[in-house]
Amino acid sequence: ALDKCKQLLAFLPSNNREKPPRIATSDDAERIILELDTIIPDQPSRSFDMIQVITSIVDDRHFFELLRDYAHNCIIGFGRFNGRTVGIVANRPSWSSGVIDINAADKMARFIRFCDLFNIPLVSFVDSPGYLIGSEQDWNGILRHGAKLLYAWADATVPLISIIIRKSYAGAHFGMLDKAMGADLVFAWPTALISIVGAETAASVIFAKEIKEAANPEDVRKKRIKEYQDIYENPYMAAERGCVDEIIMPSDTRKMINRALDLLQNKTVAKPWRKYSNINL
């Protein structure tokens, strides 16, 4: 336990007026990680190991995960990029597809606010189909708890970087950090799926009448799904509209994060004076 405390404290500044400590590292800031180019399955419904993605990108493959046994569908923890301390927030697609529920929203929101309090930049790795729906979540306050996550991002003044790896659907697009929530830079892998819902759901709703009345409904359904995927459910449309700054190869992710942190190291935010946000509690 004492060893774990030492590891944790090594990431943090002595107080909230200081920047986090920066240590020397022999890990090349421009290191290319070829294994990431093939880590995402062809089928969006299949999972992959997000921890493997994170550990391959951070300095010396050292990622200090927090609250591992609580809200498994998301990941929080500390890593370093070129010696800098960075807070990492991610979805875990291998657990409930990385959906955001009440516990995940609380877990990520508190960590984001903690990092902001101690001047620690944040990087978000996105692969989530949205917020969890259903009567149980509704009765327990998913709207109120989910809003905490949005408040945390919107209030943060530290450097904010988002990496859209795969699914960025519905409310999760905002809950996992995008331009509207204050992201400084948003990068997307070519595998990113950015849309209000998945192509199959969207096509079945938008073209419901056409599919139902077609001589061969299944062929029409497949055609419309493919059309929706090609036109809308891809990072290129999002980049064209300014929601994504750059589409990058997965193997370049570490390099691009380090360059972004260099660019944002002196970031300052000027906001109208107020005591604090009236967050939903």
Pi-cation contact, Phe81 with Arg254 (under 6.0 Å, within 45°)
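Arg254 over Phe81 ring: no.
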
Output, in order, the C-alpha distance, side-chain angles, deciding distance and verdict of side chain to side chain donor-acceptor pair (under 3.5 Å) for Tyr70 and Asn103.
CA-CA 8 Å; Tyr70 179 75; Asn103 290 341; 3.0 Å; yes

Drop me the distance from [X]'s [atom1] to [Y]'s [atom2], to the nearest 0.5 angstrom.
X	Y	atom1	atom2	answer
Ile102	Glu136	CD1	CD	8.0 Å
Phe111	Phe78	CZ	CZ	4.0 Å
Lys222	Ile211	NZ	CD1	12.0 Å

Considering non-hydrogen atoms only, spot the tightest contact between [X] and [Y] and give its length.
X	Y	result
Thr85	Pro21	OG1-O, 3.7 Å
Ile51	Ile75	CD1-CD1, 3.8 Å
Ala260	Ile161	CB-CD1, 3.6 Å
Leu281	Arg144	O-CD, 2.9 Å
Gly198	Glu233	CA-OE2, 3.5 Å

Assess whether a salt bridge exists between Asp230 and Lys226, defined as any Lys/Arg side-chain N lying under 4.0 Å from an Asp/Glu carboxylate O.
yes

Got a donor-acceptor contact below 3.5 angstrom from the Lys148 side chain to the Ile279 backbone?
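Side chain of Lys148 to backbone of Ile279: no pair is present.
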
Does the side chain of Lys255 come within less than 4.5 Å of Ile32's, by heavy atoms?
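SC-SC contact between Ile32 and Lys255 confirmed.
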
Do any pairs count as a ring pair (Phe, Tyr, Trp, His ring centres under 6.0 Å) and have a residue in residues 197-241, sequence neighbours left out, and if so which ones?
Tyr228-Tyr232

Between Met108 and Ile76, does the side-chain contact (heavy atoms from CB on, under 4.5 Å) criterion hold? Intermediate values first, please.
CA-CA 7 Å; Met108 290 189 286; Ile76 61 171; 4.1 Å; yes

Partner residues of Tyr169 under the ring pair (Phe, Tyr, Trp, His ring centres under 6.0 Å) criterion, sequence neighbours left out
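So Tyr169 forms no ring pair (Phe, Tyr, Trp, His ring centres under 6.0 Å) with any residue.
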
Do you see a donor-acceptor pair shorter than 3.5 Å between the side chains of Ser47 and Trp95?
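Distance-only check fails for Ser47 and Trp95.
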
Kindly determine whether Asn119 and Asn16 satisfy side chain to side chain donor-acceptor pair (under 3.5 Å), including the steps that lead there.
CA-CA 7 Å; Asn119 312 307; Asn16 68 340; over 6 Å; no

Arg274 vs Ser277, test: side chain to side chain donor-acceptor pair (under 3.5 Å). Steps then yes/no.
CA-CA 8 Å; Arg274 61 180 177 182; Ser277 297; 3.2 Å; yes

Pairs satisfying salt bridge (charged side-chain N to carboxylate O under 4.0 Å, His left out), at least one member in residues 235-245, at least two apart:
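Those involving residues 235-245 are Lys179-Asp245.
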
